[in-house]
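Beneath this line is the structure, given in structure tokens, with notes to follow.
A, B, ... follow the sequence lines: proteins, then strands. Residue 1 opens every chain.
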There are 2 protein chains.
Amino acid sequence: MYDDIVLFIHIVQHRGLAAAAQQLGIPAATMTRKLQKLERSLGCQLVHRSARQFVLTPEGEAHYLAYANLVEQLELTQRSLRADMHEMSGKLKVLAPTGISIGLLQPMWSRFIKTYPDIQLEISLNNVIEDMALSKADLALRVGPQQNSALYQKHLGTLQTVLVATSGYLKNKGEPESLDALKGHHLIATKAVSIWNLVNSKTGQQYEYRPRVSTLSNDVSLITQLACDGIGIALLPMSEVKSHIESGQLKRVLPEWRGPDRDLFAVWPTGRLLNAKARCLRDFIHDYLREHL
Amino acid sequence: MYDDIVLFIHIVQHRGLAAAAQQLGIPAATMTRKLQKLERSLGCQLVHRSARQFVLTPEGEAHYLAYANLVEQLELTQRSLRADMHEMSGKLKVLAPTGISIGLLQPMWSRFIKTYPDIQLEISLNNVIEDMALSKADLALRVGPQQNSALYQKHLGTLQTVLVATSGYLKNKGEPESLDALKGHHLIATKAVSIWNLVNSKTGQQYEYRPRVSTLSNDVSLITQLACDGIGIALLPMSEVKSHIESGQLKRVLPEWRGPDRDLFAVWPTGRLLNAKARCLRDFIHDYLREHL
DNA sequence: AATTACGATTTCATATTTGGAATTTAATGT
DNA sequence: ACATTAAATTCCAAATATGAAATCGTAATT
């Protein structure tokens with residue numbers, strides 16, 4: 001029914017069945033029949049047609065005026081949805097926390113950009129949570145699950161946190177041998193976490209430690225810098241400090257204890273995504289993290 | 001394609017294939033297949049469905065949001081056009097010239113109203129031409145063809161005009177025996193016609209007579225009144241004065257000469273009508289005039 | 001006046017879609 | 001854990017729709 005009306009609109013716009021048929025890649029025979037069927041179902045003729053002339057009846061005119069805009073909009077949304085679903089080029093805006101983006105994920109961004117050169121990636125790094133709708137972002141990376149029910153989310157990976165400090169600091173202040181021994185130390189942490197759910201990797205023992213944090217920041221890389229400068233003991237994602245540990249610049253403190261897991265999520269507004277590019281990035285990050293965590 | 005989307009929208013709105021199928025009078029089997037076909041052609045699943053639950057996928061959500069309004073509008077226009085095409089009840093506004101409407105056409109109106117009691121007829125009588133679009137009229141009656149190309153028109157009938165006066169006037173001022181003899185008389189006419197294209201019914205001879213009109217009005221029935229009061233000789237539609245002639249109140253002057261024909265048209269805006277009621281009235285008047293002229 | 005050209009339509013064999021019945025599925029209640 | 005049940009799906013014969021080619025119809029050309 002409505003499909004036939006769409007055909008009719010095209011017939012009018014191309015002034016003839018043959019032209020419309022060609023443009024739409026539909027055989028002319030089908031055109032005739034569909035138009036006939038439409039006219040039958042409407043109970044009126046829409047167009048006076050003969051070999052060499054094409055004239056709308058008053059009814060045809062009225063139907064054209066009534067439907068033309070709607071059909072155009074219909075085709076517009078169709079194209080737009082189609083592009084969102086399949087197009088792997090064009091703009092893609094993503095919000096992400098600064099810390100992991102320039103640390104753990106930095107090589108991922110490079111690789112993604114190289115893999116999909118037609119996608120114009122805009123990475124908006126920020127430590128405070130930006131409104132997705134307001135910033136018109138397609139995707140956002142967030143640490144920890146989101147409460148906002150207007151957002152879909154997918155778990156991308158889990159960052160393990162560990163306690164680290166410089167050997168210099170530890171030599172100076174003494175290396176703690178138990179959780180209680182942390183009390184006397186200068187602790188550095190992110191604002192987000194006020195209780196450290198520590199887990200003993202060997203025994204599986206859990207412990208809720210309420211740290212008296214001496215220095216706070218919402219920026220992971222700043223905390224890393226502070227730790228490297230020997231300011232104190234920092235709770236940081238393993239991914240962030242792995243290289244520092246390997247180079248000997250930092251040293252794990254209480255190595256049998258891990259800090260609380262920090263889950264990384266991709267989130268996006270409900271009623272959107274579908275966006276092939278965002279879906280692609282989301283899965284790309286997911287795959288990347290499975291390989292590199 | 002778009003028909004399947006319409007089905008999908010209904011499926012969402014009824015939260016299930018079965019409910020939508022019932023409401024639309026379509027077998028459930030068809031529903032499933034159409035939805036499957038749509039999902040195949042879009043390349044993504046739209047709804048997670050099992051016996052007892054119905055959940056939209058993110059893609060389904062997005063498609064629903066994108067199309068729901070359009071589909072609603074589509075169905076609205078469909079209903080509206082359908083009503084215009086077939087509904088024989090509701091309001092019908094028509095513009096008409098005062099003169100013939102209360103004269104020649106008066107019995108027609110009565111008969112139409114009786115024949116179609118469900119049509120709420122609004123007759124807007126006026127001697128000056130009203131804008132159809134502005135007054136939201138469905139149909140207008142006009143004397144003489146219209147130049148306005150934004151209007152469709154259909155010829156309804158032809159009014160013949162004749163010269164008449166009271167016997168009293170003619171006795172008093174003398175009965176003219178030739179066209180030239182009209183010169184000395186008090187002529188009454190409508191504003192519209194400044195040249196009288198007179199035709200001799202017997203010889204077929206034509207004559208362009210430029211009358212020196214003594215009294216003008218745009219209202220035919222007023223002119224008739226004046227003629228009946230013995231003011232002078234009036235050029236009036238035969239239909240208007242027929243009864244007066246038969247009753248002897250008026251008498252034809254130069255009975256072998258007829259005045260210019262005045263064609264009656266129904267006009268309506270292009271891109272409309274379709275309106276079954278207006279079409280009906282138009283044809284009703286046409287039939288009436290064929291019988292009564 | 002006959003021919004041409006072009007677009008709409010019809011023909012006919014093939015392919016797809018339809019509707020009702022039977023079947024499967026998975027969340028409910030016992 | 002098992003039966004129940006409402007909904008979705010699949011099966012199959014009948015109805016419809018489809019595409020390529022032939023035909024038809026009418027303006028424009030010769």
Side-chain angles (χ1 to χ4, degrees), chain A residues 1-64 67-68 71 74-75 78, chain B residues 1-64 67-68 71 74-75 78:
Chain A
M1 163 80 209
Y2 294 111
D3 283 322
D4 297 339
I5 288 169
V6 170
L7 283 194
F8 167 66
I9 298 300
H10 281 268
I11 289 173
V12 175
Q13 286 171 346
H14 290 90
R15 277 172 266 303
L17 307 212
Q22 172 151 37
Q23 209 268 333
L24 297 175
I26 290 171
T30 306
M31 259 344 202
T32 323
R33 280 183 292 229
K34 296 245 172 177
L35 184 52
Q36 286 171 343
K37 183 158 73 78
L38 180 62
E39 289 182 332
R40 225 173 322 119
S41 90
L42 292 177
C44 68
Q45 196 161 11
L46 293 173
V47 31
H48 288 300
R49 47 199 184 285
S50 66
R52 300 296 180 106
Q53 72 179 9
F54 179 91
V55 188
L56 282 181
T57 62
E59 289 78 19
E61 186 109 7
H63 277 85
Y64 179 76
Y67 281 115
V71 167
L74 220 50
E75 295 187 325
Q78 206 255 46
Chain B
M1 165 79 208
Y2 293 111
D3 284 324
D4 297 339
I5 288 170
V6 170
L7 283 194
F8 166 66
I9 298 299
H10 280 268
I11 289 173
V12 175
Q13 286 172 345
H14 289 89
R15 276 173 265 302
L17 307 212
Q22 172 151 36
Q23 209 267 334
L24 298 175
I26 290 172
T30 307
M31 261 343 202
T32 325
R33 278 181 295 223
K34 296 245 170 180
L35 185 53
Q36 285 170 344
K37 182 158 74 78
L38 181 63
E39 289 182 331
R40 228 176 317 122
S41 89
L42 291 178
C44 68
Q45 196 162 6
L46 293 173
V47 31
H48 288 300
R49 46 200 183 284
S50 68
R52 299 293 182 105
Q53 72 179 11
F54 179 90
V55 188
L56 283 181
T57 62
E59 290 77 20
E61 187 108 4
H63 278 85
Y64 180 75
Y67 282 115
V71 168
L74 220 50
E75 295 187 325
Q78 206 254 46

Output the rounded distance in Å from [atom1] ([X]) to [atom2] ([N]).
X     : N      : atom1 : atom2 : result
B/D3  : D/dA17 : CG    : P     : 13 Å
B/H14 : D/dA6  : NE2   : P     : 19 Å
B/F54 : D/dA8  : CZ    : P     : 8 Å
A/H48 : D/dT26 : NE2   : P     : 14 Å
A/L17 : C/dT10 : CG    : P     : 12 Å
B/K37 : D/dT9  : NZ    : P     : 15 Å
B/I26 : C/dG19 : CD1   : P     : 8 Å
A/L38 : C/dA8  : CG    : C1'   : 17 Å

Counting only side-chain heavy atoms from C-beta out, which of [options] sits nearest to [X]?
X     : options               : result
A/T32 : D/dT10, C/dT10, D/dT9 : C/dT10
A/T30 : C/dG20, D/dT18, C/dT9 : D/dT18
A/P27 : D/dG19, C/dT9, D/dT18 : D/dG19

Short side-chain N/O contact from [X] to OP1 or OP2 of [N], under 4.0 Å:
X     : N      : result
B/Q53 : D/dA6  : no
B/K34 : C/dT18 : yes
B/Q36 : D/dA8  : no

May I ask you to verify whether the side chain of A/R33 and the base of D/dG19 hold a donor-acceptor pair under 3.5 Å?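 Side chain to base: pair present.
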Taking N and O atoms by type only, does the side chain of B/R49 place a donor or acceptor under 3.5 Å from a partner on the base of C/dT24?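 It does not, because no donor-acceptor pair links the side chain of B/R49 to the base of C/dT24 below 3.5 Å.
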Look up atom [atom1] in [X] and atom [atom2] in [Y], then write down how far apart they are to the nearest 0.5 Å.
X     : Y     : atom1 : atom2 : result
A/M31 : A/I11 : CE    : CD1   : 4.5 Å
A/R49 : A/T57 : CZ    : OG1   : 9.5 Å
B/E39 : B/D4  : CD    : CG    : 11.0 Å

Quick check against the 3.5 Å criterion: does A/E61 have a side-chain atom that pairs as donor or acceptor with the backbone of A/L56?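 It does not hold such a pair.
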Counting only heavy atoms not in A/Q22, do more than 12 sit closer than 6.0 Å to its CD atom?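 Incorrect, the count does not exceed 12.
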Which part of the nucleic acid does B/A18 contact within heavy-atom distance under 4.0 Å: base, sugar-phosphate only, or nothing?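 The answer is sugar-phosphate, as B/A18 gets under 4.0 Å only of primed atoms, P, OP1 or OP2.
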